[in-house]
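Residue numbers run from 1 in the order of the sequence given. One-based numbering, in listed order, for ligands and for the atoms of each.
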Amino acid sequence: MDFKKELAELLYELLDQEISVAELEQMIEKPKNALHGDLAFPCFTLAKVKRKAPQLIAQDLSEKIQSFTFEKVEVVGAYINIFLNKKLVSEKLVNEVITKQGHFADLDFGNGGNVTIDMSSPNIAKPFSMGHLRSTVIGNALALISEKCGYKPIKINHLGDWGTQFGKLITAYKLWGEAEKVKQNPIKELLALYIKFHEEAESEPALEDQGRGWFKKLEDGDEEALHLWQWFRDESLKEFSRIYELMNVQFDSYAGEAFYNDKMDRVVELLEEKLLLIESDQAMVVELTEENLPPCLIKKSDGATLYATRDLAAALYRKENYDFVQSLYVVGHEQSLHFKQLIAVLGKMGYDWAEKMVHVPFGMMLKDGKKMSTRKGKVVLLEEVLTESIEMARHNIEEKNPTLINKDEVAKQVGVGAVIFHDLKNNRMNDIEFSLEEMLRFEGETGPYVQYTYARACSILRKANWHANLQSPTYTNYWDKEWKVAGLLMEFAPAIKRACENYDPSQVAKYIIDLAQAFNKYYAEVKILEESEEQEARLALVYSVMMVLKEGLRLLGISAPEEM
Ligand code: ARG
């Protein structure tokens, strides 16, 4: 149900099919002030086409606009303001939600095209950072949103599992490591070994040579080196999986950097063939002066390939295997230059699909205004953050609803949901101040607030023992009181579309906050549970809000407990 489109189609005919429906749709605005109607059409641009004063055009058109769905058409200056027939529109919306259920506001402009989403991508043997959390949460939401829009998302965890640091790590492990300790606490132990390596290397530079030596062995396929590397990788992944499980995030591929080891020669050959590779300071680079970028380093003097080379191989692989219509990289903004170079090199290689690659950057997570990754060697472990959030949620439940069954499950849904929502509610480029107290508040713009509103809607329906007629809902009787809430239902699809087109899940987060707020206000004003002529219709509206909140939360990767 798209009233903008309906209006655009009407105008198209009234304007003698001179301006396309799509263009007209673009021109239609939504007045900020509800007193000016639900839709507004400015006639300024038409003045040129029609060679007539815009006010006259507005007047003329307004007299001809007639439709069931439009209750009142008003002219103010060069604007045509249109008021929807609230009763009819509410009715249509509610009944549509009830028939379509979770498929309400499904869109199809993705046309089944594959979208690869490079997301999460933590580094092996290093702690899972806040940046990786943001990438996981944003990437997962973008996958769900693009799926809702008709795309086929492919979630790829481009693990940082290769590079010279593994030579250093093996060296450190061989010198000071203990298998038992690593098994018990892999990330902490491996990180400690890595840090120790750097400390010791300051006074004993020979260690660096050893590190390089071990990495060389690793690259040459030495059995012991490979075995240790595999072990570090497995142990790290085990830890990361616990976090993914908590957050309910799954991947379609774990092809990380190492996966491209045997695909690097081809990249180098292709670059040579296309005469793009030049020598500079004994290294091989692609010049990007025309693109106004620093050269992209492809191969070091010792022959070792680099991060960028792996990403070139990965891009080619993804195009060949998934034939993507879009390829997203959800990675912090500090890597912007890297992705500009990557896309530029592929463009130079003649691949027009390079234009379909999008770096989706995001800001930092701050604590007390400072970057929150590692604090003086002391690491903020993400898992601890999540467990703490779950603990606090549990505490809240214990206070507010001590008799709740499955408290553990609900605490997990609320605790994790709070962290995710806090991340997604702002434009992703903003830095976020990390505060558990803030995230877990039940009032204000928080995950628990939306979940709580959802649970409240469920409880109203339970109390009324009301079940929707799913086959042929014909709920009518909507008036002004319902409009604020019912009218918002029609904003769901546009919010999803904006989120998808701008790679910005906050559009959906803001929308469900608006809906939750409008609903709570309505609930405070109208006695839904009291018997009345309108009760059926009202309960149907509660049901619709319940469905849309649940679906909105789902699109952000957040579960909705029916009771909390
Ligand atoms: N592992 C990298 C890091 O932690 C992120 C990888 C992002 N993805 C990519 N294709 N480069 O910085």
Considering all heavy atoms of both residues, which atom of Ser120 and which atom of Phe251 are nearest to each other, and what is their separation?
CB-CZ, 3.7 Å

If every non-hydrogen atom of Gln451 is compared with every non-hydrogen atom of Val414, which pair is closest and at what distance?
OE1-CA, 3.5 Å

Between Lys152, Gln326, Arg318, which is the residue that forms a side chain to side chain contact (heavy atoms under 4.5 Å, CB included) with Asn114?
Lys152

Which atoms of ligand 1 are found less than 4.0 Å from any heavy atom of Tyr307?
2 (C), 5 (C), 6 (C), 7 (C), 9 (C), 11 (N)

As an exercise, identify every atom of ligand 1 less than 4.0 angstrom from a heavy atom of Asn123.
1 (N), 2 (C), 3 (C), 4 (O)

Does any N/O atom on Asp311 come nearer than 3.5 Å to any N/O atom on ligand 1?
yes

If the cut-off is 4.0 Å to any non-hydrogen atom of Gln335, which atoms of ligand 1 fall inside it?
3 (C), 12 (O)

Counting each atom of ligand 1 from 1 as listed, which ones have a heavy atom of Tyr329 under 4.0 Å away?
10 (N)

Check: Tyr173 ring centre within less than 6.0 Å of Trp214 ring centre:
no

With Asp311 as reference, evaluate Leu306, Leu342, Val267 under the side chain to side chain contact (heavy atoms under 4.5 Å, CB included) test and give the passing residue.
Leu342

Between Arg212 and Lys216, is any pair of side-chain heavy atoms under 4.5 Å apart?
no

Closer than 4.0 Å to some heavy atom of Val331 - which atoms of ligand 1 meet that?
7 (C), 8 (N)

So Glu208 and Lys168, do their side chains get closer than 4.5 Å, heavy atoms only?
yes

For atom 8 (N) of ligand 1, grab the closest protein heavy atom and report residue, atom and distance to one decimal in Å.
Asp118 OD1, 3.0 Å

Region of Phe339 engaging ligand 1 - heavy atom pairs below 4.0 Å
side chain

Are any of the N/O atoms in His132 less than 3.5 Å from those in ligand 1?
yes

